[in-house]
Structures are given as structure tokens and as C-alpha cells.
Amino acid sequence: MKSTIIVAASLLFTPMLFAAQCRIDIDNDVNVSAEHLEIVESDGSKLAIASDNSVTLRGESLQLSPEQQQAMEDYKQRLADYGPKVKKLTDDGLALALDIVDDIAASIDAPTAFDDLKAAMTDYFSGLQGRYYNQGDFTIPAASFDEFIAQWDVEMDQAKALFTSEFFEDAFAAMSAKMDQEGGLNLTQMADDMAKLKAKLEQRFREHANQLKQDKDGLCEELEGLKQQEQELHRKIPELENYRVFTI
């Protein structure tokens, strides 16, 4: 069941996981909304870009040339676009995971058998996503690659414990009810059926894992392009050099 949960959890793609898989450091806090983009250093000093693309650096307006203004606008837009792309991938991953669980439930003639598992997956995922998304705003906290990996390991352990428990409880209840209707509980048959069900669930997740990996790799490649654009922005506006977001 451990490998099944790892595959399932990989569908629930969060900014923390994309940072780990793309092997990046987030050097400063990033806050993105429809009204502004902020990059905040550890000492609290801030680069703010408003919706009209005016720039404030450490509380003071920064005057830019037309070329600098265009470079800033392009960077801001590309960074702002990236958050929704990650969110769409996470939302699609959760929807796919829930669909697979529904298909498995239908295969044992118990459409609602895994409702508790689905609720646990949805709640857990919503809690993770809530750290990064809030009513259209997108936030990534500063952290190193090693810190992202350590956090991911902890959360994977939590997810495995939660999802494994819910899966076996739901499956046992559904199969026990079915056996009762067919003449009584058979523990040997129960163990065999549970093993087959687990294998079927894992197979379904793995069928979609390669496509999901391609989508993630595409986002990582785009992240590399964003990093290069950030470097070009800092070349054109040296005052922004301390407000780096990504190290790859």
C-alpha cells in the first residue's frame, strides 16, 4: 500500500513538491495577487510591483527607463502566470485521484465505498494548498531545496498513514457487507480480495503517472526559463539583484 499512496500523493502537486522535484531554492518570500507582486527579503525589505507596474523598492519609488519598465512588466506577468499553472496541475491531480477511487469503488459494486477516503484526500490536500493559495493570491515562502525535501518527507509520512488507514477501513467495510449478503465472512477470501483491490488501485494510478510527470517536467523547464528571465532583469536593473527568487 505504501507505493500506492506515494503514487497517489504525487498527483496532489503543490508548490512545495514542485520546488523539491525541480530542485530549486526559493531565495525570498514571493506574494502574487491581481493587485501586486511582492518579493520580500529575510530582513523584511520589500520589492513591490503594483498593478500599473510602478515599482517600489524598500518603500521608495524606483524610476525606470522604458526598457527597464518593459523587462519588469514581462517578468511580473510571467511570474504571476506561473502560480495558476501550478494550481491547475494540483487541481487536475486531485480530480484524477478521486476519479480513480470512484472507478475502483464501482468495480466492487460499492459506489460510495471510499467516500471517507475521498474526503480525507480532499481535506488533506486543501490544507496543503491553503498554505500557498488564498482567494486568488499565490504565496511561496523562502526555503532551500533541502528544506523542501525534509518538509515533503514529513508530509508524505502523514499522508501515507492517513490514506492507508482510510483505504483499508473503507475496503473492509464494503467487502464485509458484500460477503454478508453472499453467505458470510470469509477472511481468507477477504485477504485475497483486498490484495487484488490494492493492486488494481496502484495500477490505475501508475497508468496516469507518466503523463503527470511530463506535465511536471514542463513546468520545471518553464521555471528554468523564468530563472533566466530573472537574471536578465537583474542585468538591466542592478538594484533588484538582492531580490532574487529562484536558484536552480
Side-chain angles (χ1 to χ4, degrees), residues 13-87 89-90 126-156 158 216 219-248:
F13 194 56
T14 67
M16 175 266 295
L17 178 55
F18 99 80
Q21 294 201 347
C22 297
R23 302 188 65 85
I24 67 172
D25 294 340
I26 305 296
D27 297 317
N28 292 299
D29 291 350
V30 182
N31 305 308
V32 182
S33 73
E35 290 74 33
H36 66 267
L37 182 150
E38 293 181 343
I39 300 173
V40 185
E41 286 196 282
S42 58
D43 63 2
S45 61
K46 183 185 304 183
L47 165 66
I49 311 169
S51 57
D52 62 358
N53 293 311
S54 59
V55 179
T56 303
L57 184 61
R58 301 186 186 93
E60 297 183 2
S61 179
L62 184 64
Q63 301 303 313
L64 303 177
S65 69
E67 181 186 11
Q68 290 174 325
Q69 184 74 31
Q70 187 62 55
M72 176 64 78
E73 184 176 345
D74 291 345
Y75 174 73
K76 175 196 171 188
Q77 188 60 54
R78 190 167 182 180
L79 187 57
D81 289 345
Y82 198 78
K85 290 179 181 179
V86 176
K87 187 175 187 302
L89 187 56
T90 66
S126 295
L128 289 181
Q129 239 192 15
R131 300 179 191 175
Y132 308 100
Y133 305 100
N134 180 29
Q135 297 181 345
D137 294 354
F138 176 61
T139 299
I140 307 178
S144 69
F145 168 73
D146 289 339
E147 288 171 329
F148 280 120
I149 289 295
Q151 184 180 2
W152 171 241
D153 286 342
V154 169
E155 290 176 348
M156 276 298 300
Q158 294 173 346
K216 293 176 184 177
L219 284 178
C220 288
E221 290 175 5
E222 187 171 340
L223 194 63
E224 174 62 31
L226 184 55
K227 170 61 180 174
Q228 293 174 3
Q229 186 171 355
E230 183 178 77
Q231 291 174 334
E232 179 65 14
L233 177 70
H234 293 169
R235 186 186 69 78
K236 293 180 177 179
I237 313 176
E239 295 92 332
L240 306 184
E241 189 171 358
N242 289 336
Y243 293 88
R244 183 177 62 227
V245 176
F246 304 110
T247 299
I248 300 178

Whether the side chain of [X] engages the backbone of [Y] through a donor-acceptor N/O pair (distance < 3.5 Å, no angle test) should be reported.
X	Y	result
Asn28	Ile39	no
Gln69	Asn53	yes
Ser33	His36	yes

**Request:** Check the pair Met72 / Ile237 against side chain to side chain contact (heavy atoms under 4.5 Å, CB included), numbers first and verdict last.
**Result:** CA-CA 9 Å; Met72 176 64 78; Ile237 313 176; 4.2 Å; yes
Taking side chain as C-beta onward, heavy atoms only, is [X] less than 4.5 Å from [Y]?
X	Y	answer
Asp27	Val245	no
Leu62	Leu240	yes
Gln77	Asp81	yes
Tyr243	Leu57	yes

**Message:** Does this structure show an ion pair linking Glu73 with Lys76, if we count only N-O contacts that are shorter than 4.0 Å?
**Reply:**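 Looking at Glu73 and Lys76, the cut-off is not met.
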**Request:** Run the salt-bridge test on Lys227 and Glu230 with the 4.0 Å N-O cut-off and return the result as yes or no.
**Result:**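 The answer is yes: the pair qualifies as a salt bridge.
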**Message:** Ignoring hydrogens, what is the shortest heavy-atom contact between Lys236 and Ala71? Give both atom names and the distance.
**Reply:**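 Looking at all heavy atoms of both residues, the shortest contact is CD-CB, 3.9 Å.
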**Item:** From Ile140, Leu37, Thr139, Asp137, residue fulfilling side-chain contact (heavy atoms from CB on, under 4.5 Å) relative to Asn31
**Value:**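 The residue from Ile140, Leu37, Thr139, Asp137 that satisfies side-chain contact (heavy atoms from CB on, under 4.5 Å) with Asn31 turns out to be Thr139.
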**Message:** Pairing donors with acceptors under 3.5 angstrom, does anything connect the side chains of Gln228 and Glu232?
**Reply:**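 Distance-only check fails for Gln228 and Glu232.
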**Prompt:** What distance do Glu239 atom CD and Gln63 atom CD have between them, rounded to the nearest 0.5 Å?
**Reply:**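 Going from the CD atom of Glu239 to the CD atom of Gln63 covers 11.0 Å.
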